Each structure stands twice: as structure tokens, then as C-alpha cells.
Amino acid sequence: MQQWAAALLNLQITDATHTDDYGGIWCPADKVVHGRVGDTIYPFFYLAEKTGDHKYIDAAVLLYRWMERRVSQPDGSWLNDPVKDSWKGITVFGAIALAEAVKNHGQLMDTQFKNDVTARLKKAGDFIYSYFNIDYGNINYPVTASYGLSLLGEILDVPQFKARGKELAHQALQFISKKDGFLYGEGDPYYQTSKKGCFSVDLGYNVEESLPALVLYARLANDTEVLEAVTRSLQTHMEFMLPDGGWDNSWGTRNYKWTYWGSRTSDGCQTAYALLANRDERFYKVALKNTELMLQCTKGGLLYGGPQYIAHEVTPCVHHTFSHIKALTTILEYGDAKTTINTERLTLPRETAYGRKFFADIQTWLIAKGNYRATITGYDREYKKTTNGHASGGALTMLWHQKAGPLMVASMNDYQLYEAHNMQVDDDPFPMPLTPRIELKLNDITYMNISDLSADISVEEKDGQLIATTHSKLVDKNQQSPASGEVNCVVSYSFTSEKVILKFSHDAGEHDAAIKVIFPVIAKASSSVDVLTDNSLRVSNELSIIKISTNHPIKQLPTSNGRVFNYVPGFEAVPFYIERNEAVIEVEVV
């Protein structure tokens with residue numbers, strides 16, 4: 001936390017001649033001051049009390065003045081960005097941060113400043129109370145408002161705020177799916193299922209924003225019903241944490257903001273998991289492993305947006321840091337920092353080679369065989385009206401190994417700036433998805449099996465193997481087949497304790513020569529790639545050797561420097577492909 005705070009302080013603009021940006025925290029990636037940067041006021045006040053250093057108070061006051069000058073609105077809201085007509089829903093996050101600062105560290109504020117902030121919080125509370133309901137925005141907004149209004153109601157002594165907070169929290173419980181226990185509502189249609197019976201679920205937003213807010217509400221209000229419901233939901237989401245602390249959001253509706261350790265602009269899973277470790281000790285390990293991963297992704301005091309951002313020399317967006325420092329502040333504030341739990345005796349779900357698990361609510365299978373962990377999805381709910389977002393079609397969206405880490409990882413099918421102010425521009429001249437796939441390009445239209453929302457998946461155990469078989473079609477982003485007719489695909493993944501075998505086949509036809517089987521392999525620039533024969537190669541890094549062998553010659557798609565990088569979720573890969581049908585690819589880690 002102190003590393004991140006030091007970097008944020010260094011990026012604060014203290015030269016008053018920079019009129020618009022004075023007091024804000026500069027983003028080195030986007031060359032702007034992000035509108036939500038005022039959330040850092042709370043961590044700064046926490047550190048002021050813990051360290052006794054007044055520089056944090058000075059920084060917080062300066063930041064508040066920027067916030068009021070550049071994003072504050074007459075109706076009590078704050079804007080997501082200092083741009084006209086920017087989204088106002090983020091008011092709830094700014095209000096929580098300021099309210100926490102007043103509640104826990106108000107004694108450090110001079111009387112006038114405290115009065116100003118308190119009055120401003122009343123205006124923000126009125127805005128949230130007037131405009132937020134269970135249908136406002138995606139589910140993360142009304143859920144977060146359950147805590148925001150309850151907290152404001154407490155410190156401002158406004159009973160109606162607390163009553164609305166409780167109402168929203170209990171309404172939110174209706175959005176926890178009955179089958180699996182996922183929180184849904186990250187996208188619309190809000191209340192209608194997809195053709196496969198799926199609601200809109202996003203792992204990143206759930207574990208880093210919505211479920212933490214429900215935990216904070218339930219603790220504040222001593223609401224045992226909500227605590228019990230959110231505990232069950234956290235256990236479901238915990239199934240998707242990889243043993244290295246990464247969150248497997250390879251399938252989520254909003255995975256355009258997936259960062260492997262979480263999500264680009266939410267606060268962090270620590271608030272939910274660390275504060276409820278008394279209800280399930282494994283939660284402590286979830287929070288710890290994820291924090292260790294974020295530390296590995298930190299350089300120069302800033303949190304980078306994925307494990308290989310640093311290796312690829314991508315400038316980090318400051319949003320990751322000022323968002324996630326809040327979660328660490330919260331657990332330091334409200335948790336017992338002196339209590340530790342021996343995590344060696346605790347086992348997270350994906351640390352066990354349990355075989356297979358199916359989650360009907362997201363039409364996704366998890367595989368755990370030997371040291372291999374995999375995710376295969378046919379999830380057919382995209383985010384709102386967008387197309388070609390997260391991979392589907394029976395895609396292998398995660399292949400992970402205990403020794404090597406991620407081997408193959410999905411990205412967005414088409415990298416699109418759904419939230420331009422909250423995503424980084426990809427200026428690579430050779431952009432491409434990282435997901436293994438069958439692909440056909442005709443007349444500037446791309447058809448892929450991983451775009452097919454109607455695909456089906458079956459998993460069976462046979463002769464000591466777990467075999468997932470998927471049936472899909474080559475379709476474009478609008479679910480249309482080529483004009484020449486449907487191209488059916490059968491893709492299977494076979495798992496043993498020693499290796500994984502991928503088999504790709506498709507209908508024969510006039511476009512056979514143009515169809516490719518593409519399988520990018522995660523390998524940062526420092527990893528060596530040795531071509532052994534036309535049909536075999538080896539990827540070596542400091543931890544392992546990955547052996548790839550195929551039944552047809554392996555080729556490599558063009559890249560600018562030997563690697564393709566994808567911002568979702570922040571990995572470099574070597575984009576291999578095969579030009580022949582009936583392709584068989586064996587992956588083994590030694």
C-alpha cells in the first residue's frame with residue numbers, strides 16, 4: 001500500500017500553473033487526470049494517521065479541490081471524467097471514499113475542510129438516493145449503493161439513506177443465481193436469460209466491487225441474511241481463482257477489463273475475502289494470493305494491468321493503482337491486521353485435481369487433471385449490444401499448469417474500447433486474439449468457431465482421460481456463416497496427468513486453403529522459442545519447458561517483435577498456426 005501511495009504522490013500535479021489538472025494525479029498511460037482519482041483521498045488520510053506524515057493530508061486536500069473544481073456537478077454527482085455528459089454513476093464510489101475518510105480520520109481534518117466535505121457528502125447522498133434503484137446501470141451500481149447509502153446514513157444521521165441501503169442490499173439478493181450462486185446483472189437484458197438460460201455475469205466486477213460492497217453493508221448493518229448469502233456467492237466465485245492468485249475471468253461479460261489479477265477499474269477482492277475469513281478460512285488465502293500477484297505486477301510503485309505488461313514495456317494506467325489501494329486500505333482499517341492464518345493447510349478449489357466441474361449458469365466447464373487446469377466455455381451472453389466480446393463456441397479460454405503458469409489464455413475475440421476512458425489503445429500493427437481457434441478470413445470478414453454462441457460442449461471420462469468435445473460453426477461477429485454455407489467444427493481437448501491434446505477439425509469445402517488453426521502460446525519476450533522440427537518446438541522460461549508437437553507443420557503469424565501482446569488480460573504470446581485440417585496439437589510441460 002505504501003509503495004502504491006508513494007507513486008501516486010509523485011504523480012500528483014502540484015504546479016498551480018497547470019490550471020485544469022492542478023491537484024490531480026497524472027496518468028502516464030492516458031496523459032490525463034482520471035475523474036475517479038479523488039477516491040485516493042481515503043487511502044491518503046489513512047496513511048496520514050498511521051505515519052504521522054502531514055504530506056498525505058496536504059495531498060488529500062489538494063485532490064479534493066481538484067475533484068470539486070473539475071468533476072463536481074450541481075446535482076450532487078461527480079463525473080467519471082472531466083468531460084461533458086460523462087457517466088455520473090461513479091458518484092457512489094467517490095462518496096464512499098470521502099465518507100470513510102470522515103468516519104475514520106475526521107479528527108485529522110481542520111474544521112472548515114471537514115464541514116465542506118460533510119456538506120458535499122449530503123449532496124452526493126441526495127443524488128444517489130434520488131437516482132439509484134435496482135435497475136440503475138449494471139448491478140454493481142445499486143449493490144455498491146447499498147453500502148454507500150448505509151454509510152452516509154450513519155455518518156450524516158439520515159435514516160432514509162440507511163433504509164434505502166438496506167432495501168437495495170436485499171433486492172440484490174434476488175440477483176444471486178439459484179443454481180450456482182453467481183451474482184448476475186453485469187449487462188442487459190437485465191432480467192431475461194440467454195438462449196442457453198444464462199444471465200449476465202462478470203467475475204471481475206463481482207469479486208472486486210459488488211460482493212465487497214455487500215460484505216461492507218452487511219458488516220455495518222449487522223445483516224446476517226446478507227452475510228450468509230454473500231458468503232455462499234463468494235465460495236462460488238472462489239472456484240475461479242487459479243493457484244497463483246489470478247482470477248479466471250476468461251468468460252465474463254465485462255472481461256474487456258480483465259487484468260488476470262482482477263479488473264481494471266474496480267477496487268479489489270481483498271475487501272470481501274479478507275474481511276469474511278472468519279466464515280471460511282480459505283477466503284484469507286484468496287485475498288493473500290491475489291495481493292501477492294498484484295505485488296508481482298507492480299513496478300515503480302504502480303500496478304500494471306497484467307503479468308506481462310512490464311515485460312512488454314507497456315506504460316501502466318494509474319487507475320489500477322488508485323482503485324486497488326482502496327481495497328488494501330479497507331482491510332487495514334476494518335480487518336485485524338495482526339491475525340494471520342496458516343495458508344499451508346488451506347486448499348483452494350483449483351489447487352485440487354478434482355476432475356471436472358460444470359457451472360450451468362455460465363455454461364462453463366472447469367477441468368483439473370494432474371497439474372493442468374483448464375476452462376472451456378460456451379457462455380452465450382455478451383455485454384449489452386456488443387459483439388465478439390468474450391470467447392465462446394466451446395473455446396479453451398484457460399490452460400494453466402502448476403509449474404509453468406498460463407499456457408494458453410483467451411482474450412477478447414475483437415479488442416474493442418467499450419469504455420474508451422477506462423481501457424488502453426492497442427496500437428500493435430498485428431493485433432489478434434490469444435484464444436486457440438479455427439479461423440477463416442474472407443473479404444475482410446473474420447469467421448471463428450470461438451464466436452459461435454450456439455455451440456455445445458460435452459465432457460466425459462474415458463480410459464483415465466478427461467475429454468471435452470465441442471461442436472460449433474465458423475461465424476462472424478453477427479453469428480453469420482460465410483455466404484458459401486455453414487462450416488461445422490469439432491474441437492476436442494483431452495487431458496491426462498502428463499499432457500493436453502487439442503484436436504481441431506472442420507467441414508471440407510472451397511475455403512479449406514484459407515482456414516487456419518491458430519494456437520498462441522503464452523511466452524514473454526525473455527522466453528526462448530526453439531523450433532526442433534517442422535512439427536515440434538520448445539518454449540523455455542525460468543520455470544519450465546513447454547513442449548509442443550503436432551501432426552502438421554507449425555507456422556507463425558507475423559508479429560512486430562516476435563510476440564503478440566493483448567491488453568486482455570495482459571499477456572505476450574507466440575502466435576502459432578497450422579494450415580491443414582484435422583490438426584492435432586500436444587502440449588506437455590516438463
Side-chain angles (χ1 to χ4, degrees), residues 1-74 77-84 86-87 90-91 93-95 97-98 101-102 105 108-117 119-120 124 264-265 298-305 309-310 313-326 329 420-425:
M1 181 189 172
Q2 288 181 297
Q3 287 184 47
W4 289 349
L8 293 171
L9 278 176
N10 287 337
L11 289 170
Q12 187 169 38
I13 299 169
T14 56
D15 182 350
T17 62
H18 295 274
T19 309
D20 287 346
D21 296 326
Y22 176 56
I25 294 175
W26 186 249
C27 178
D30 298 308
K31 310 300 182 187
V32 297
V33 176
H34 290 290
R36 283 183 56 183
V37 75
D39 292 7
T40 318
I41 290 169
Y42 173 39
F44 279 169
F45 268 104
Y46 175 86
L47 285 170
E49 178 157 320
K50 292 300 177 182
T51 66
D53 195 329
H54 204 278
K55 68 182 180 183
Y56 292 111
I57 297 177
D58 294 339
V61 172
L62 199 60
L63 193 52
Y64 177 76
R65 301 302 179 203
W66 177 90
M67 187 179 177
E68 285 302 279
R69 189 175 70 254
R70 297 290 289 135
V71 293
S72 182
Q73 300 297 293
S77 67
W78 289 290
L79 300 177
N80 188 71
D81 294 284
V83 178
K84 183 180 179 182
S86 186
W87 173 242
I90 55 87
T91 300
F93 306 122
L98 283 176
V102 171
H105 310 288
L108 299 181
M109 301 175 180
D110 66 52
T111 302
Q112 185 59 54
F113 181 75
K114 185 176 182 180
N115 289 341
D116 288 348
V117 172
R120 183 63 184 84
R264 295 180 70 88
T265 61
T298 296
K299 180 181 179 183
L302 292 178
L303 176 60
Y304 282 64
Y309 268 60
I310 296 171
E313 299 181 347
V314 177
T315 304
C317 175
V318 75
H319 213 307
H320 314 324
T321 307
F322 75 70
S323 293
H324 288 78
I325 196 173
K326 287 194 300 177
T329 303
H421 293 289
N422 292 328
M423 298 173 68
Q424 290 179 253
V425 175

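Small disclaimer: the values here were computed from a predicted structure and weren't measured.
How far OG of Ser86 is from NE2 of His421: 6.0 Å, rounded to the nearest 0.5 Å. Between the OG atom of Ser72 and the OH atom of Tyr64 there is a distance of 7.0 Å, given to the nearest 0.5 Å. Put simply, CZ on Phe322 and OG1 on Thr265 are 8.5 Å apart, with the number rounded to the nearest 0.5 Å. Atom NZ of Lys326 sits about 3.5 Å away from atom CG of Asp39, to the nearest 0.5 Å. One finds the NZ atom of Lys114 at 10.0 Å from the CG atom of Leu108 (value rounded to the nearest 0.5 Å). Taking OG1 from Thr298 and CH2 from Trp4, the interatomic distance works out to 5.5 Å, rounded to the nearest 0.5 Å.
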Run the side-chain contact (heavy atoms from CB on, under 4.5 Å) check on Leu9 and Tyr56 step by step: do they pass?
CA-CA 8 Å; Leu9 278 176; Tyr56 292 111; 3.4 Å; yes

Quick one: do Val314 and Gln424 satisfy side-chain contact (heavy atoms from CB on, under 4.5 Å)? Show the steps, please.
CA-CA 10 Å; Val314 177; Gln424 290 179 253; 3.9 Å; yes

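Each of Ile57, Leu63, Val61, Leu62 was evaluated against Ile41; a single residue qualifies, Leu63, per the side-chain contact (heavy atoms from CB on, under 4.5 Å) test.
The closest side-chain heavy-atom distance from Leu8 to Val318 is below 4.5 Å. Under the 4.5 Å side-chain criterion, counting only non-hydrogen atoms from C-beta, Leu11 is in contact with Pro28.
Nearest approach of Thr321 to Gly301, heavy atoms of both residues: CG2-O, 4.0 Å. Considering all non-hydrogen atoms of both residues, Thr91 and Trp78 come closest at OG1-N, 2.9 Å. Contact detail for Leu302 and Pro316: the closest heavy-atom pair is CD1-CG, 3.9 Å. Across all their heavy atoms, Tyr42 and Ala97 have their closest contact at CB-O, 3.3 Å. Taking both residues in full, the closest heavy atoms of Arg36 and Ile90 are given as CD-CG2, 3.5 Å, listed atom of the first, atom of the second, then distance. Contact record, Thr329 with Ile325: OG1-O, 2.8 Å, taken as the closest heavy-atom pair.
Between Tyr309 and Tyr304, the angle of the ring planes goes over 60°, which puts this pair in the perpendicular group of the 30/60° scheme. In this structure, His319 and His34 have tilted ring planes: the angle between them lies in the 30° to 60° band.
Looking at Arg65, its side chain never comes within 3.5 Å of a backbone N or O of Tyr22 through a donor-acceptor pair. Side-chain atoms of Gln12 come within 3.5 Å of backbone atoms of Ala59 as a donor-acceptor pair (strictly under, hydrogens ignored). Formation of a donor-acceptor pair under 3.5 Å by the Asp30 side chain with backbone atoms of Val32 is not found in this model. Checked by atom type and distance alone, the side chain of Asp21 never pairs as donor or acceptor with a backbone atom of Gly24 at under 3.5 Å. Judged purely by atom type and a 3.5 angstrom limit, Trp66 uses its side chain to pair as donor or acceptor with the backbone of Asp20. In terms of modelled atom types and a separation under 3.5 Å, the side chain of Arg264 and the main chain of Gly305 share no donor-acceptor contact.
Residues that satisfy the ring-ring contact (aromatic ring centres under 6.0 Å, His included) test with His320, not counting sequence neighbours, are Trp261. Not counting sequence neighbours, the partners of Phe93 by the ring-ring contact (aromatic ring centres under 6.0 Å, His included) test are Tyr141. For Tyr46, the ring-ring contact (aromatic ring centres under 6.0 Å, His included) partners at least two apart in sequence or on another chain are His105.
The local environment of CD in Gln2 is sparse, with at most 12 non-hydrogen atoms from other residues, nucleotides or ligands closer than 6.0 Å. Counting non-hydrogen atoms of other residues, nucleotides and ligands closer than 6.0 Å to CD of Gln3 gives a total of 12 or fewer.
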